[in-house]
Amino acid sequence: MNERVPLQTEPDSLTINNYSGSNVSQLDDSLATLEQQGTQSSSTIATTPNNRNGHTLSASTTTSSDMTSSDVSGDPFDTREKLGIAPLAIIIFYGVSGGPFGVEETVRSAGSFYTLLGFFVMPFVWSVQEALMTAELGSAFPESAGCVAWVQEAFGDRMGWMSGYLSWISGATDNAIYPVLFVEYLIQLVGVDKEESLGQFARFLMFSSMSCLLAYANWLGLPLVGKMSMTICMVAMSPFVILVVVGAFKVDTTRWFTPPTVDNHSGDDTPVDLFSFAALSTISWRPFLNNLFWNLNSFDNAATFSADVENPGKVLPLALGWSVVMVSSSYLIPLLVALGASSAEQKDWVDGYFSVIAEEIAGPWLAGWLVFAAGISNIAQFQAELSSDAFQLLGMAERGYLPQLFATRSRHGTPTYGLLLGTLVIVCMSFSKLEQLIEMLNFNYALSLFLEYLSFIKLRISRPDLERPYRIPLSTVGCFILFIPSLTAILIVIALASSETYMFSIAVNALGLLIFSTRANAKSGGYQVLGGGSSGEMYT
């Protein structure tokens with residue numbers, strides 16, 4: 001006969017002692033009574049005094065129409081399958097990268113040498129630090145809100161809301177990229193003019209149908225997404241494995257050291273010395289850094305899954321570590337072969353050009369396979385990002401930032417309304433250009449990420465007592481020094497943004513602050529934030 005550990009509850013919560021034997025029927029009767037009284041979709045069950053973040057942590061007991069009594073299987077507690085190290089690492093990999101699809105802008109902006117240098121150096125500037133920060137704070141705050149919990153604890157409700165809001169905006173923008181990117185690869189394979197390839201209505205129909213189908217697969221549960229991602233990873237990376245093996249014998253290493261050409265976007269191919277000021281001045285820094293930033297960041301999204309892993313203090317750091325290795329190698333190794341084995345000029349590297357390189361190295365069959373791999377890789381990236389964004393909305397609703405509607409889980413444990421909202425935004429943004437999408441999402445994400453780093457330092461100082469199942473083995477000063485390159489690079493990305501991106505970000509931030517102020521001052525509506533500072537108590 002199984003026994004459950006006694007849980008302490010708040011006065012209005014359901015009191016549970018030993019969950020065994022005859023208590024099963026009593027508990028079922030109690031739950032039925034709560035449902036009849038029209039309880040909220042989740043009952044807040046306070047943890048024992050081991051309260052990590054100074055707030056009441058909660059576990060959801062779903063009573064919404066999405067969860068039927070037959071789905072509970074006699075257990076009112078969380079019975080969802082938990083993510084292991086390998087599935088979580090693959091989900092993180094696809095949330096960040098998914099392979100070298102979309103790196104063509106980096107080559108076109110900076111040439112072979114600086115592209116390889118960028119993908120070799122920048123993981124140690126952005127990726128490693130972000131993964132370490134996420135491992136520590138994600139295990140300290142194992143909840144779906146992810147970075148929102150850290151920022152709120154450090155800087156209060158307003159900044160917590162803005163962090164989650166900006167992170168979600170950038171995530172939804174990011175997810176609109178993948179259908180666009182797949183079409184770019186398809187156009188390169190077919191070899192038709194971009195304007196003649198698809199009509200606007202046909203493009204919209206294809207994007208919206210694919211988005212809705214993938215959203216439904218996502219609704220079926222995180223374990224399914226993880227298993228799909230593992231299968232897709234093996235298939236999607238296989239053409240690059242073949243490209244590396246076949247192309248390795250054709251590599252001319254001198255091509256790696258080709259300097260950038262002058263004004264590469266205008267078609268002038270005048271060569272310059274590799275390490276000269278002229279070479280640095282010919283790099284198109286804005287698209288170059290934006291593409292690197294886009295391809296090497298978003299490890300913090302892993303924290304939104306920390307509540308769905310068995311042991312966050314062990315699983316999260318290991319999964320993040322493996323994902324950093326996978327992301328870095330999936331860019332650098334194929335680029336070393338593609339740039340060394342191909343005679344393509346810098347200006348040839350338009351979006352989707354990897355399929356042309358594959359045809360040049362191994363033939364049309366590999367080019368076709370690579371386009372197919374791009375398609376299914378985009379599916380996995382779409383799934384990983386959509387899951388992360390939806391779970392973040394769920395966590396924000398649990399913390400009182402959003403209506404409780406978004407805290408509703410389906411019978412598969414997935415956030416139904418977060419998935420619906422994310423899919424709607426993706427469909428609406430699918431007509432945008434790839435470069436515009438990347439710069440817009442990078443700017444807002446950079447602001448959110450900057451807040452996360454500051455929150456890490458603040459919590460190291462103000463909350464030394466915070467239980468951290470995983471802790472970066474450095475002092476607070478050591479961590480600050482470790483983060484300096486990341487913070488500096490983030491500020492550079494922000495400073496290089498276009499005026500259009502600044503205007504977009506100002507409008508987005510103003511809207512976010514307006515939404516927060518309106519909700520905070522509302523007298524009704526059932527989801528206002530009460531109090532201030534870092535109290536974090538949300539009332540419905």
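Judged by distance alone, the side chains of Asn295 and Tyr331 do bring a donor and an acceptor atom under 3.5 Å apart.
Of all non-hydrogen atoms in Pro403 and Ala397, the two that sit nearest each other are O-CB, 3.5 Å. Across all their heavy atoms, Leu280 and Trp285 have their closest contact at O-NE1, 3.0 Å. Considering all non-hydrogen atoms of both residues, Ser498 and Arg286 come closest at CB-NH1, 3.3 Å. The shortest heavy-atom contact between Leu116 and Leu332 is O-CD1, 3.8 Å. Residue Ile90 comes nearest to Met326 through the heavy atom pair CD1-CE, 3.5 Å, listed as atom of the first residue, atom of the second, then distance. Shortest non-hydrogen contact noted between Ala149 and Ala145 is N-CB, 4.3 Å.
Annotation: the span from Ser505 atom OG to Phe443 atom CZ amounts to 4.0 Å, rounded to 0.5 Å. Rounding to the nearest 0.5 Å places CG of Leu88 at 7.0 Å from CG of Leu320. Remark: Arg460 CZ to Ile472 CD1 distance equals 6.0 Å, nearest 0.5 Å. Residue Leu482 holds its CG atom at 4.5 Å from CD of Gln129, rounded to the nearest 0.5 Å. Atom CD in Gln152 sits 10.5 Å away from atom OG in Ser455 (nearest 0.5 Å). To the nearest 0.5 Å, the span separating CG on Leu292 from OG on Ser127 amounts to 10.0 Å.
If you run ring-ring contact (aromatic ring centres under 6.0 Å, His included) between Phe456 and each of Phe483, Trp150, Phe141, Phe480, only Phe483 comes through.
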- Item | Ser330 and Met237: CA distance, side-chain angles, deciding distance, side chain to side chain contact (heavy atoms under 4.5 Å, CB included) verdict | CA-CA 8 Å; Ser330 72; Met237 294 306 296; 3.9 Å; yes
- Task: Could you give me the CA-CA distance, side-chain angles and deciding distance for Tyr114 and Phe288, then say whether ring-ring contact (aromatic ring centres under 6.0 Å, His included) is met?
- Result: CA-CA 9 Å; Tyr114 287 101; Phe288 176 60; 7.5 Å; no
- Item | side chain to side chain contact (heavy atoms under 4.5 Å, CB included) between Met396 and Trp168, intermediate numbers included | CA-CA 11 Å; Met396 292 175 72; Trp168 186 84; 5.6 Å; no
- Could you give me the CA-CA distance, side-chain angles and deciding distance for Phe101 and Phe240, then say whether ring-ring contact (aromatic ring centres under 6.0 Å, His included) is met? CA-CA 10 Å; Phe101 305 103; Phe240 290 103; 5.1 Å; yes
- Task: Just do the side chain to side chain contact (heavy atoms under 4.5 Å, CB included) check on Asn509 and Leu447 with the steps written out, would you?
- Result: CA-CA 10 Å; Asn509 279 271; Leu447 294 176; 3.9 Å; yes
- Task: Test Asn444 against Ser170 for side-chain hydrogen bond (donor to acceptor under 3.5 Å, both in side chains), laying out the working first.
- Result: CA-CA 6 Å; Asn444 290 303; Ser170 64; over 6 Å; no
- Item | Verdict with supporting geometry, Leu449 and Met133, side chain to side chain contact (heavy atoms under 4.5 Å, CB included) | CA-CA 11 Å; Leu449 187 59; Met133 174 188 67; 4.1 Å; yes
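Side chain of Trp161 to backbone of Gly512: a donor-acceptor contact under 3.5 angstrom is found. No side-chain donor-acceptor contact under 3.5 Å links Arg255 to the backbone of Leu339. Not one N or O on the side chain of Ser167 forms a donor-acceptor pair closer than 3.5 Å with the backbone of Gly164. Counting only distance, with no hydrogens or angles, the side chain of Trp349 and the backbone of Thr106 share no donor-acceptor pair below 3.5 Å. A donor-acceptor pair under 3.5 Å links the side-chain atoms of Gln346 to the main chain of Arg108, judged by distance alone. Panel note: side chain Ser97, backbone Phe93; no donor-acceptor pair is recorded below 3.5 Å. Put simply, the side chain of Thr304 gets close to the backbone of Asn301: a donor and an acceptor are under 3.5 Å apart. With Asn442 contributing its side chain and Asn290 its backbone, the two residues share a donor-acceptor pair below 3.5 Å. Under the 3.5 Å distance criterion, the side-chain polar atoms of Ser139 are left unmatched by any main-chain donor or acceptor of Pro312. Using a distance-only test at 3.5 Å, with no hydrogens or angles considered, a donor-acceptor pair links the side chain of Arg468 to the main chain of Leu466.
Using a 4.5 Å heavy-atom cutoff, the side chains of Phe119 and Leu336 are not in contact. Contact check for Phe516 versus Asp157: side-chain heavy atoms found under the 4.5 Å cut-off. At a threshold of 4.5 Å between non-hydrogen side-chain atoms, the residues Val96 and Glu130 do not count as touching. Put simply, the side chain of Asn291 does not reach to within 4.5 Å of the side chain of Glu104, judged on heavy atoms.
Under a cut-off of 6.0 angstrom, the local environment of CZ in Phe124 is sparse, with at most 12 non-hydrogen atoms contributed by other residues, nucleotides or ligands. Heavy-atom neighbours of Trp256 CH2 from other residues, nucleotides or ligands within 6.0 Å: above the threshold of 12.
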